[in-house]
Each structure stands twice: as C-alpha cells, then as structure tokens.
Amino acid sequence: MGATVPEPAGSPARHSELLGLAVRLAREAALLASSMRSAAITDIATKSTRTDVVTAADTAVERYVGAALRRLRPGDRLLGEEAGERAGDLGASVRWILDPIDGTVNYLYGLPQWAVSLAVEVDGQVVAGVVRNGGTGQEWTALRGAGAYRDGRPIRCSEVTELGQALVATGFGYAPARRAHQAGVLAGLLPAVRDIRRFGSAALDLCLAAQGQVDAYFEKGLNLWDHAAGALVATEAGLHVTGLAGAPPGPDLVLAAPPAIHQRLHDLLVELDAAGGA
Ligand code: IPD
Ligand code: CA
C-alpha cells in the first residue's frame with residue numbers, strides 16, 4: 001500500500017471536512033453566546049450608529065472561533081464582522097467568513113431569531129456554510145453542489161410562480177438615511193406582493209427562503225459575513241441568489257428568489273431603486 005496522498009483543498013472530500021469543522025465551531029459558538037445571555041452578559045457598545053450594537057457575546061464568539069481556527073488550521077484566513085480580516089498564510093486558499101451573531105438586536109432583546117453564520121471559501125468561492133439559530137437550535141448547512149439541509153434533512157425553496165403570491169422577507173440598515181430610502185422601496189413593493197416580513201437576521205432570512213417559509217428575500221447594504229453562508233444554503237435549495245443585473249450578491253443588493261419570480265422581483269426592485277439611496 002502506498003502512502004496516503006492528502007486531498008487537494010478544492011476536492012469535495014475536503015469541502016465536507018471543512019463543513020464538519022464549521023458545524024462544530026458554529027455549535028460551540030452558539031452555545032457560548034446562549035450561555036452569556038443566560039448569565040445576562042449583554043454589555044453593549046455601538047458601531048456605525050446608536051442602533052448598531054455589538055454585544056460582549058459578539059466579541060467573545062469571534063475571539064473563540066478565531067482562536068480555534070488558529071489552533072486547528074493555522075494557515076487559513078478569517079474574515080469576521082467585529083475584527084475584520086485576519087491574515088494567515090500569504091498563499092492561503094481557505095478563508096473562513098464569520099458573523100458571530102447575526103441578529104444582534106434580537107439577541108439583545110431575547111428574541112429567538114439570531115444566528116452564528118460561518119462560511120468557508122476556497123480559492124475565492126464559498127463551498128460550505130452553516131447557519132445555526134442560537135435561540136432555537138435549528139441548523140442549516142450546505143456544501144456547494146450537494147444540496148441544502150435543515151437539521152440533516154434536505155430542503156427546497158418554494159415553487160411560487162406569481163410575484164403577487166410571494167411572501168418577501170427583507171431587512172434594513174442602521175443609518176437613518178438608508179432606512180428612509182428603504183421605507184420608500186417598501187411602499188412601492190407592498191402592493192405587488194403577498195406581504196413583507198422583517199425578522200432581523202439576514203442569515204436566517206436566507207435560510208427561511210431556502211425551506212420555503214418565505215418565498216424570497218432581498219436587502220441592500222449587507223456585508224459578506226451577513227450572507228456568505230445563508231446564500232449558499234439558499235442557492236443549494238434552488239433559489240436564484242444574485243445582486244443587480246446578474247452581478248453576484250453584494251452590498252448593492254442581495255436578492256434570493258425562486259427562479260420563476262426572480263426576474264420580475266429584480267426588475268421591480270430596480271424600478272423602485274432598491275439598490276439606491278444612502
Ligand atoms: C443585521 C441583520 C439584519 C439586517 C442588517 C444586518 P447584525 O446584522 O442581519 O437583519 O437587516 O442589515 O446588519 O448587525 O445583527 O449582525
Ligand atoms: Ca450580521
């Protein structure tokens with residue numbers, strides 16, 4: 001028998017190994033955040049505006065995951081919401097993308113709609129992702145090309161074909177000027193859809209769309225850590241996940257919709273200038 005040849009970072013076996021580690025870290029991270037909440041450790045500071053908070057748990061979770069990755073995979077890079085980009089090996093092909101608590105305001109208020117979101121990028125492409133709802137214990141996972149799962153069971157997006165029948169989730173930024181513009185977009189959208197939902201966690205919104213509990217989701221102003229894992233879950237569940245005019249999802253727009261209504265919703269959002277404003 002010859003020596004075992006290590007799998008290249010781009011191979012499916014490696015991707016599923018990376019997902020396994022992501023799931024383990026997300027579970028530990030969610031447990032840490034939950035225990036800090038039970039112990040009422042919710043010291044807060046503000047970031048971009050007075051309503052954009054960072055709790056002690058956001059920072060603790062990011063430190064925890066960062067330390068674990070340094071120990072277990074010292075050559076990888078990490079992009080986290082609170083600390084930004086941490087450089088690893090210069091030639092590192094693997095980058096971890098972490099939102100330590102997505103839905104921080106829900107976490108602060110004890111609403112069970114917040115999540116740890118952890119994605120793994122290999123050579124610039126997200127190949128694995130996990131979103132764990134720390135309030136309920138529900139967990140969504142996806143591997144590129146291998147489907148999306150909720151608690152180990154395969155999930156699919158809705159089969160809605162009419163925009164007027166679509167339940168659409170969205171979210172708002174923290175800056176007042178952006179919110180004022182977003183309110184205008186909603187005023188134009190509401191008469192054209194079944195209804196709107198605003199749950200407070202972009203990562204979970206994408207997962208709800210992935211299992212058909214909302215039909216579609218859009219938001220302007222998201223950062224990569226908000227949507228990296230959830231967008232893979234949504235894509236693998238059959239949604240079309242894009243930005244504007246076929247561009248990849250990004251700060252201008254993240255739009256996740258079933259194929260039959262994607263173009264119509266996209267065009268209406270363009271008409272309403274959803275990617276514009278502050
Ligand atoms: C926020 C949530 C929210 C979305 C905001 C995000 P945070 O992330 O995902 O649903 O509307 O745009 O910034 O601040 O809770 O990590
Ligand atoms: Ca976030």
Side-chain angles (χ1 to χ4, degrees), residues 26 29-30 32-34 36-37 42 44-62 65 78-85 96-119 126 129-135 140 168-183 185-186 189 196-210 213-214 216-234 241 243 249-256 269 274-275 277-278:
L32 172 62
S34 291
M36 288 183 76
R37 207 173 189 290
T42 49
I44 54 168
T46 52
K47 296 191 284 187
S48 59
T49 71
R50 285 186 60 213
T51 50
D52 184 6
V53 295
V54 53
T55 67
D58 288 273
T59 315
V61 165
E62 191 161 319
V65 174
L78 169 65
L79 169 68
E81 170 162 20
E82 307 309 335
E85 183 105 40
W96 298 74
I97 302 165
L98 171 70
D99 194 337
I101 298 182
D102 186 53
T104 310
V105 174
N106 287 341
Y107 174 84
L108 192 62
Y109 279 73
L111 295 168
Q113 194 72 358
W114 57 271
V116 175
S117 169
L118 186 56
V126 175
V130 54
V131 176
R132 178 151 184 117
N133 184 332
W140 291 263
V168 180
T170 190
F172 310 120
Y174 289 105
R178 174 165 298 170
R179 287 178 168 190
H181 185 82
Q182 288 172 319
V185 173
L186 278 193
L189 186 63
I196 295 290
R197 292 290 181 271
R198 196 295 192 243
F199 295 113
S201 159
L204 289 172
D205 290 338
L206 285 159
C207 293
L208 292 181
Q213 279 193 300
V214 294
Y217 163 75
F218 77 95
E219 186 165 345
K220 173 200 160 99
L222 291 183
N223 292 293
L224 187 54
W225 48 77
D226 298 309
H227 64 82
L232 182 63
V233 172
V241 186
D252 281 347
L253 188 70
V254 174
L255 167 60
L269 291 172

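Just so you know, ligand 1 is whichever comes first in the structure, and atom 1 is the first atom listed for that ligand.
Qualifying side-chain hydrogen bond (donor to acceptor under 3.5 Å, both in side chains) partners for Ser117, counting only residues two or more places apart in sequence or in other chains: none. With sequence neighbours excluded, the residues that form a side chain to side chain contact (heavy atoms under 4.5 Å, CB included) with Ala209 are Val214, Leu239. Residues passing the side chain to side chain contact (heavy atoms under 4.5 Å, CB included) test with Asn106 are Leu111, Gln113, sequence neighbours excluded.
Within the 4.0 Å heavy-atom cutoff, Asn223 does not count among the residues contacting ligand 1. In this structure, Trp225 does not count as a contact residue of ligand 1, since none of its heavy atoms falls inside 4.0 Å of the ligand. For Gly221, the heavy-atom gap to ligand 1 stays at 4.0 angstrom or more.
When heavy-atom distances to ligand 1 are checked against a 4.0 Å cut-off, Arg198 comes that close only through its side chain, counted from C-beta outward. When heavy-atom distances to ligand 1 are checked against a 4.0 Å cut-off, Ala202 comes that close through both its backbone and its side chain. Using a 4.0 Å cut-off between heavy atoms, Leu222 contacts ligand 1 through its side chain alone, with no backbone atom that close. Contacts with ligand 1 closer than 4.0 Å are made by no heavy atom of Trp114, backbone or side chain.
Looking only at distances, a side-chain donor or acceptor of Gln182 sits under 3.5 Å from a matching main-chain atom of Gly173. A donor-acceptor pair is defined here as one N or O able to donate and one able to accept, closer than 3.5 Å; such a pair exists between the side chain of Arg37 and the backbone of Leu108. Judged by distance alone, the side chain of Asp102 and the main-chain N or O of Ala202 form a donor-acceptor pair under 3.5 Å. Between the Asp205 side chain and the Tyr217 main chain, no donor and acceptor come within less than 3.5 Å of each other. Of the possible polar contacts, none joining the Tyr107 side chain to the Ala57 backbone as a donor-acceptor pair under 3.5 Å is found.
Close contacts of ligand 1 with Asp99, meaning ligand atoms under 4.0 Å from a residue heavy atom, involve 16 (O). The Gly103 neighbourhood of ligand 1 comprises atoms 7 (P), 15 (O), 16 (O), with distances under 4.0 Å to a heavy atom of that residue. Residue Gly200 has at least one heavy-atom neighbour below 4.0 Å for each of these atoms of ligand 1: 2 (C), 3 (C), 10 (O). In summary, the atoms of ligand 1 found under 4.0 Å from a heavy atom of Ile101, numbered by their order in the structure, are 16 (O). When each atom of ligand 1 is checked for a heavy atom of Tyr174 under 4.0 Å away, the hits are 1 (C), 7 (P), 13 (O), 14 (O), 15 (O). For ligand 1, the atoms sitting less than 4.0 Å from at least one non-hydrogen atom of Glu219 are 4 (C), 5 (C), 11 (O), 12 (O), numbered in the order shown with element in parentheses. Remark: ligand 1 atoms within the under-4.0 Å shell around heavy atoms of Glu81 are 16 (O).
Using a 4.5 Å heavy-atom cutoff, the side chains of Ile196 and Thr170 are in contact. At least one side-chain heavy atom of Leu98 sits less than 4.5 Å from a side-chain heavy atom of Val116. Side-chain contact check for Leu269 versus Phe218: some heavy-atom pair is nearer than 4.5 Å. In this structure the side chain of Tyr174 reaches within 4.5 angstrom of the side chain of Arg179, judged on heavy atoms. When side chains are defined from C-beta on, Asn223 does not count as touching Glu81, because their heavy atoms never get closer than 4.5 Å.
Excluding waters, the protein N/O/S atoms found under 3.0 Å from the Ca ion (ligand 2) are Asp99 OD2, Asp102 OD1, Asp226 OD1.
Inclusion of Ala203 in the set of residues having an N or O under 3.5 Å from an N or O of ligand 1 is not warranted. Here's the thing with Gly171: none of its N/O atoms is less than 3.5 angstrom from an N/O atom of ligand 1.
Annotation for Gly134 and Ser34: closest pair O-OG, 3.4 Å, computed over non-hydrogen atoms.
Between Thr104, Asp102, Val105, Asp226, it is Asp102 that holds the heavy atom closest to atom 2 (C) of ligand 1.
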